[in-house]
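One structure is given here, and the rest of the page talks about it.
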Amino acid sequence: MIEEILIKKTVAALEKLYDQNVDKQLIQIQKTKKEFEGDLTIVVFPLLRFSRKKPEQTANEIGEYLQNNLEEIQKFNVVKGFLNLVISDKFWLNFFLQNQNKKKYGYSEKGKDESIVIEFSSPNTNKPLHLGHIRNNLVGNSIANILKASGRKVQKVNLVNDRGIHICKSMLAWQMWGNNQTPEISNMKGDKFVGDFYVKFEKENKKETAILIERGVEKDKVAQQTPLMEKARKMLVNWESCEKETRELWEKMNNWVYKGFDKTYNRLGINFDKTYYESETYLLGKEIVLNGLKEGILFKKDDGSVWADLSNQKLDEKLLLRPDGTSVYITQDIGTAQLRHDDYNADKLLYVVGNEQIYHFNVLKIILEKLGREWAENIIHIAYGMVELPHGKMKSREGTVVDADDLMNEMQQTAKSTTEELGKIEGFSAAEANELFETIGQGALKYFILKVDPKKNMLFNPVESIDFTGNTGPFIQYTYARINSLIRKAEEKNITLSNNIPGNINIHPKEKQLIKNLYSFPETIQQAAEIYSPALIANYAFNLVKDYNQFYQEISILREENFDLLNFRLKLSEFTGKVIKTSMELLGIKVPERM
RNA sequence: GGUCCAGUAGCUCAGCUGGAUAGAGCAGCAGCCUUCUAAGCUGCGGGUCACAGGUUCGAAUCCUGUCUGGAUCACCA
């Protein structure tokens, strides 16, 4: 890396010029701002105390030294305390030659010593997937891709919340009001079918709640005391004691849901190396909790419930087992974490889970540590922000939930009408056209979500949010297709590309800008991997594409008569296309050959 | 009330461990297709970086306080 070389040489310069031994941490190198001449800039302010001279003079002296001692430095200029260095064309061309034909340029082995298990998606089997899940899936999947590209060993796992009181609610509702209907008979997607019964339960339970309130029962206790809730709790006890009828119903309904989920996952392009089910891990959690009780780490209350005392950590007490012995969310998470650790013994256990569960993961880590699990410190909660709608949060009760399948359909439809309006599907078969609409629709949706920092809450406006121009997925896809078209045209003209690019060709500023962009791709991937941020990749792709379009618009390629220049520009386009494709792959977005 | 997160252009968002005159896109206005895909390119207007202090040669960035919004503190997950 040129930056590292520069840092070393700058340290040497300070030694030579001022007889000072300077920590390389103090050497600040940044990309030169566009309005100044240069490629890289050294900020000399922090070095003044070593030179004991004015900023301009210090910068000039260091610049002089670097130019004389580094062949990569062609020239330099000084603006205030900024030493702007112009890197020689030869260096950029050299980089270009060495990397243009790499299959997976940008990928590295840097992180190969680290193994990671990443959990994301984690659906409940009582509701269909919605926009919030989409963000979770896209972020999780993309982070997994990025980590892999950075060289780390990655296992993607899903954890299905397939048991618990909430699941019993939809089961109970189906039992009571289902009339033996099935998704097949009602011609519905299985997850939607089951989800409707969950809603039905909540509705009926609300009615019962209202009645109890009328009778004067305390408001905050009512929700737990309705006849329906009692039945649901009883069902959960039955389930945990493996009562046959309950288990059969449970399996039947969950299978409906899985069929539905599979369709959604497929369409989103999401898959996992392993799927955990809480029904298979909660017993382990229970066992760990009971052992903790035996060892006196946990304690039991008079009603038989089991708790962890976290007052030493300035937290409250935390329930781990209900009085009837059934387990709660965190109990199963304890079991799941243990199992996952046993299965993989990974260096890091990542959980992509919404930021509303930050407290939950803090507590989980603390309890695991209390229970003597040293690996608990390897648990990292990647807390992503909520997706908000113009009216605020999504609320199922108010019918403002944006359904995942519906949204994808709408995206495809919008892609279709926009594409047709632009008259871009000449020569496409119906199947090809449909595939293109899907690619563009998915690209728009995925990019829209992934371009924002995962940590932050984001706003999704169903009517306005998704554009196809500007900083969008389709714009990036379009540029890729454009490059492809260019390469095709070159082939039609029987132009044979050559790897041989003379070192003395004149590089246009727009071309250099592009090369610099390509140069920074690998470090961008590393950075994105370190901070778990697909947004970095998205922004990178947008910048790259923007610069390419400027180059494309300003410089003629196929009309260039000098073969070396023609060849170089085509090669540069090809390389750029490859990097666009790779970065979009990291985001889980496909690029079309034509659009 | 405690804890955590956020507040940057009319709107949606970038701005990495402090560095140059705070950037994109959308929306608005004005240009560019007989020439490589106009889902593009060029230009214009648009800002008290919530507010007030502090640290620093230098603060949107770090610290403190205030205001505003959100999350969380469940025998829901």
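In the text below, chain A, chain B and the rest are named by the order of the sequence lines, each starting its count at 1.
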Measuring to OP1 and OP2 of [N], would you say a side-chain N or O of [X] lies under 4.0 angstrom away?
X	N	value
A/K456	B/rA14	yes
A/R322	B/rC76	yes
A/K451	B/rA24	no
A/K33	B/rA20	yes
A/K489	B/rU37	yes
A/T469	B/rA39	no
A/K510	B/rU42	no
A/Y329	B/rA77	no
A/Q30	B/rG19	no

When the [atom1] atoms of [M] and [N] are compared, how many Å lie between them, rounded to an integer?
N	M	atom1	value
B/rG40	B/rU3	C1'	49 Å
B/rC75	B/rC5	C1'	28 Å
B/rC29	B/rG46	C1'	12 Å
B/rA27	B/rG45	C1'	13 Å
B/rG19	B/rC33	C1'	43 Å
B/rU55	B/rG18	C1'	11 Å
B/rA50	B/rC13	P	15 Å
B/rA30	B/rA9	P	26 Å

- Message: If I take atom CZ from residue A/F437 and atom CD from residue A/E432, how far apart are they, to the nearest 0.5 angstrom?
- Response: 11.0 Å
- If you round to the nearest 0.5 Å, how far is CZ of A/F82 from CG of A/N77? 12.0 Å
- Between A/E317 and A/K301, does at least one N-O distance fall below 4.0 Å, as a salt bridge requires? yes
- Message: Under 4.0 Å between a side-chain nitrogen and a carboxylate oxygen: does that hold for A/E438 and A/K590?
- Response: no
For a quick check of understanding: with a heavy-atom distance under 4.0 Å over all strands, which category does [X] fall into, base, sugar-phosphate or nothing?
X	result
A/L315	nothing
A/L310	nothing
A/F475	sugar-phosphate
A/Q477	nothing
A/L459	sugar-phosphate

Counterpart base for [N], defined by Watson-Crick or G-U wobble contacts under 3.5 Å:
N	result
B/rU17	none
B/rC11	B/rG25
B/rU3	B/rA71
B/rC62	B/rG54

Please determine, for the side chain of [X], which listed nucleotide ([options]) has the closest atom?
X	options	result
A/E278	B/rA77, B/rU37, B/rG19	B/rA77
A/V43	B/rA20, B/rG19, B/rC41	B/rG19
A/F82	B/rU72, B/rA20, B/rA39	B/rA20
A/I165	B/rA77, B/rC41, B/rC75	B/rA77
A/L319	B/rG40, B/rA77, B/rC75	B/rC75
A/M458	B/rC13, B/rA14, B/rG70	B/rC13
A/V452	B/rA74, B/rA20, B/rA14	B/rA14
A/K393	B/rA20, B/rA71, B/rA38	B/rA71
A/F45	B/rC75, B/rU37, B/rG19	B/rG19
A/T32	B/rG40, B/rA77, B/rA20	B/rA20

Looking at the base of [N], is there any donor atom on it, or on the side chain of [X], that sits under 3.5 Å from an acceptor on the other one?
X	N	result
A/D303	B/rC75	yes
A/T472	B/rA39	no
A/N84	B/rA20	yes
A/K424	B/rU37	yes

- Query: Any side-chain donor paired with an acceptor under 3.5 Å for A/H166 and A/N161?
  - Reply: no
- Strictly under 6.0 Å, is that where the ring centroids of A/W250 and A/Y277 end up? no
- Query: Ring centroid separation for A/F475 and A/Y478, is it under 6.0 angstrom?
  - Reply: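 Distance test on ring centres: not under 6.0 Å, no.
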Rounded to whole Å, please give me the gap between [atom1] in [X] and [atom2] in [N].
X	N	atom1	atom2	value
A/N549	B/rG25	CG	P	12 Å
A/Y384	B/rC5	OH	C1'	15 Å
A/R482	B/rA38	CZ	P	5 Å
A/Q553	B/rC33	CD	P	11 Å
A/I537	B/rC13	CD1	C1'	18 Å
A/Q550	B/rG25	CD	P	10 Å
A/L40	B/rA20	CG	P	16 Å
A/N457	B/rG7	CG	P	11 Å

- Side-chain donor/acceptor of A/K286 to backbone N/O of A/G325, under 3.5 Å: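 Yes.
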- Message: I want to confirm an ordering. Mapping A/F36 and A/A415 to their closest nucleotides on RNA chain B, which one lands closer to the 5' end?
- Response: A/F36
- Message: By nearest heavy atom, map A/Y552 and A/T41 onto RNA chain B; which one lands nearer the 5' end?
- Response: A/T41
- Query: For the residue pair A/F460 and A/F448, does the interplanar ring angle fall in the parallel (under 30°), tilted (30 to 60°) or perpendicular (over 60°) class?
  - Reply: perpendicular
- Per the glycosidic torsion and the 90° limit around 0, nucleotide B/rC62 is anti
- Enclosure of A/K516 NZ (heavy-atom neighbours >12, cutoff 6.0 Å):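 Yes - once you tally the heavy atoms of other residues, nucleotides and ligands closer than 6.0 Å, there are more than 12.
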